[in-house]
There are 2 protein chains.
Amino acid sequence: MLTDTLDLEARAHSEHAQELRLWLRLLTCSQLIEKRVRGGLREQFDTTLPRFDLMAQLERHPEGLKMKELSHRLMVTGGNVTGITDQLVAEGLVERMAVEGDRRAFLVRLTPAGRSAFEHMATQHEQWIVEAFDGLSPRDLDSLHKLLGKVKQHQLDINQRIVTEAE
Amino acid sequence: MLTDTLDLEARAHSEHAQELRLWLRLLTCSQLIEKRVRGGLREQFDTTLPRFDLMAQLERHPEGLKMKELSHRLMVTGGNVTGITDQLVAEGLVERMAVEGDRRAFLVRLTPAGRSAFEHMATQHEQWIVEAFDGLSPRDLDSLHKLLGKVKQHQLDINQRIVTEAE
DNA sequence: TATTGTTATACTCTATAACTATA
DNA sequence: TATAGTTATAGAGTATAACAATA
């Protein structure tokens with residue numbers, strides 16, 4: 001299956017063909033890489049990308065993050081964060097800590113076991129990603145990063161505008 | 001939620017920080033755009049991205065595509081294509097046609113109603129995508145397309161190698 | 001009243017594997 | 001035997017809405 005023609009890009013057919021082709025190519029690239037990462041996480045570590053992402057957030061914030069902060073950063077709604085956190089707590093990889101001064105909230109943070117497990121996964125994850133971009137020169141990597149920076153900023157501007165208009 | 005810090009990129013922290021940051025930025029961009037497309041398809045047309053993608057394939061192949069071809073092109077397994085096709089058939093948007101000389105297979109193609117519905121959706125879809133890349137010059141669009149072409153080709157090469165090794 | 005987080009629910013998408021019919 | 005497609009099932013991932021506790 002993986003070697004067959006990838007024809008998602010067939011969708012582009014209009015006067016704005018350039019933008020459409022770019023979008024379909026962007027989508028194809030991210031799907032191809034994501035499939036390998038998800039598969040690897042499942043096969044080698046019996047985990048999932050959202051779980052990995054949640055742990056990655058906590059690894060960057062050793063003091064812990066509140067559920068709501070996790071929800072924002074992971075771009076998913078609160079119920080999902082509760083579910084993933086429950087799983088990770090049950091496995092001893094993260095813990096909920098009381099927040100002084102606000103008894104509604106928790107700080108979620110990695111346990112030592114969780115930190116160790118994450119570092120193990122992150123090492124392998126890094127190899128997948130390095131391999132994924134192996135075909136590009138450092139200069140290409142930099143150009144791509146800068147160009148996608150413009151795309152990302154533009155999306156955030158659009159979303160900001162939508163939110164502002166809704167207020 | 002949409003305006004909060006997007007901190008998926010926080011994951012990059014190693015000696016291969018460049019590749020990791022690039023991957024996380026690529027993922028963020030495609031997620032941001034995809035969320036808007038999925039939301040728009042749901043709200044304005046009560047449909048989903050996989051359904052739209054299937055119809056887009058058929059629009060490019062007026063003679064029809066076999067279930068297996070659709071499965072390849074959409075990068076999903078056969079059972080899923082059956083399910084989506086069943087939905088679209090029930091709504092009168094696509095039809096299964098007998099294939100001469102192979103009574104196991106069908107050709108799936110858009111009905112006139114399906115073609116009309118798709119064109120309607122594709123027009124709106126194009127506007128979302130044009131808006132998504134509005135911040136980039138034609139030159140940027142071209143650079144990005146070329147660079148992502150290298151990325152895509154490299155993924156396909158990797159997958160080819162994996163398939164070959166498995167044989 | 002508003003906010004934090006949980007619970008309950010439902011739906012889409014996906015892969016796997018067993019199955020039917022045909023090649 | 002192999003292939004095209006279907007069915008059945010299970011699980012990931014997500015959103016929504018009602019809810020409890022606290023601010």
Side-chain angles (χ1 to χ4, degrees), chain A residues 1-2 4 8 27 31-32 34-43 45-54 64-90 94-108 167, chain B residues 1-2 4 8 27 31-32 34-43 45-54 64-91 94-108:
Chain A
M1 179 184 91
L2 291 168
D4 275 286
L8 272 182
L27 188 57
Q31 284 177 347
L32 284 168
E34 210 178 318
K35 265 178 198 274
R36 298 192 68 235
V37 171
R38 284 185 194 273
L41 287 173
R42 188 179 61 246
E43 286 164 23
F45 303 105
D46 193 28
T47 193
T48 66
L49 192 53
R51 286 168 51 120
F52 180 82
D53 285 342
L54 192 152
L65 288 171
K66 292 201 284 184
M67 299 297 279
K68 185 142 200 217
E69 290 172 332
L70 280 168
S71 169
H72 290 167
R73 291 172 190 276
L74 298 171
M75 294 190 274
V76 297
T77 52
N80 304 307
V81 176
T82 296
I84 295 171
T85 302
D86 285 349
Q87 291 174 25
L88 296 173
V89 167
V94 310
E95 57 190 351
R96 287 181 172 94
M97 311 282 295
V99 172
E100 278 189 51
D102 188 344
R103 290 194 299 173
R104 295 171 306 177
F106 304 105
L107 278 175
V108 184
E167 282 169 356
Chain B
M1 181 183 91
L2 289 167
D4 274 286
L8 272 183
L27 188 57
Q31 285 178 347
L32 284 167
E34 209 177 320
K35 266 179 197 276
R36 297 192 70 234
V37 171
R38 285 185 194 272
L41 287 173
R42 189 179 62 246
E43 286 164 23
F45 302 106
D46 193 28
T47 193
T48 65
L49 192 51
R51 287 167 50 120
F52 181 81
D53 285 342
L54 192 152
L65 287 170
K66 292 200 285 184
M67 298 298 278
K68 185 144 201 214
E69 290 173 331
L70 279 168
S71 169
H72 290 166
R73 291 171 190 276
L74 298 172
M75 295 191 276
V76 297
T77 52
N80 304 307
V81 177
T82 296
I84 295 171
T85 302
D86 285 349
Q87 291 174 26
L88 296 172
V89 167
E91 294 171 29
V94 310
E95 57 190 350
R96 286 181 172 92
M97 310 282 294
V99 172
E100 277 189 52
D102 188 345
R103 289 195 299 172
R104 297 171 306 179
F106 304 105
L107 278 174
V108 184

Minimum heavy-atom distance [X]-[Y], with the two atoms named:
X: B:Val89; Y: B:Glu95; value: CG2-CA, 4.4 Å
X: A:Gly78; Y: A:Ser71; value: N-OG, 3.8 Å
X: B:Leu70; Y: B:Val81; value: CB-CG1, 3.9 Å
X: A:Val99; Y: A:Phe106; value: CG2-C, 3.5 Å
X: A:Arg51; Y: A:Thr47; value: NE-OG1, 2.7 Å

[X], nearest nucleotide to its side chain (from [options]):
X: A:Ala105; options: C:dT4, C:dT6, C:dT14; result: C:dT4
X: B:Arg103; options: D:dG5, C:dA15, C:dA23; result: C:dA23
X: A:Thr48; options: D:dA15, D:dG13, C:dG5; result: D:dG13
X: A:Lys68; options: C:dC13, C:dT4, C:dT7; result: C:dT4
X: A:Pro50; options: D:dG13, D:dT6, C:dT6; result: D:dG13

Looking at [N], I'd like to know if its phosphate oxygens (OP1 or OP2) sit under 4.0 Å from a side-chain N or O belonging to [X].
X: A:Thr77; N: D:dA15; answer: yes
X: B:Lys66; N: D:dT3; answer: no
X: B:Lys35; N: D:dG13; answer: no

Hey, does B:Arg96 reach any base, or is it just sugar-phosphate, or nothing, if we go heavy atoms under 4.0 Å? sugar-phosphate
Using a 3.5 Å distance criterion without hydrogens, assess whether the side chain of A:Lys35 forms a donor-acceptor pair with backbone atoms of B:Met75. yes
Restricting both atoms to N or O, compile the protein contacts to nucleotides 8-10 of chain C shorter than 3.5 Å, with distance only.
none

In whole Å, I'd like the distance from the [atom1] atom of [X] to the [atom2] atom of [N].
X: B:Leu74; N: C:dC13; atom1: CG; atom2: P; answer: 12 Å
X: B:Asp86; N: D:dT6; atom1: CG; atom2: C1'; answer: 8 Å
X: A:Leu49; N: D:dG11; atom1: CG; atom2: C1'; answer: 16 Å
X: B:Arg38; N: C:dT14; atom1: CZ; atom2: P; answer: 7 Å
X: A:Glu100; N: D:dA23; atom1: CD; atom2: P; answer: 13 Å
X: B:Leu54; N: C:dC13; atom1: CG; atom2: P; answer: 11 Å
X: B:Met67; N: D:dT6; atom1: CE; atom2: C1'; answer: 8 Å
X: B:Gln87; N: D:dT7; atom1: CD; atom2: P; answer: 13 Å

Could you tell me whether B:Asp86 and B:Arg96 have a side-chain N and a carboxylate O separated by less than 4.0 Å? yes
Nearest-0.5 Å distance that lies between atom NE2 in B:His72 and atom OG1 in B:Thr77: 11.0 Å
Got a second to check how far B:Gln87's CD is from B:Thr48's OG1, nearest 0.5 Å? 6.5 Å
Taking five pairs at each end of the helix from C:dT1-D:dA23 to C:dA23-D:dT1, what angle separates the two helix axes (nearest 10°)? 10°
Heavy-atom distance under 4.5 Å between the side chains of A:Lys66 and A:Leu107, does that happen here? yes
For A:Ile84 and A:Arg104, take the nucleotide of DNA chain D holding the closest heavy atom to each; which residue's nucleotide lies nearer the 5' end? A:Ile84
Comparing B:Asp102 and B:Thr47 on DNA chain C - which has the more 5′ nearest nucleotide: B:Thr47
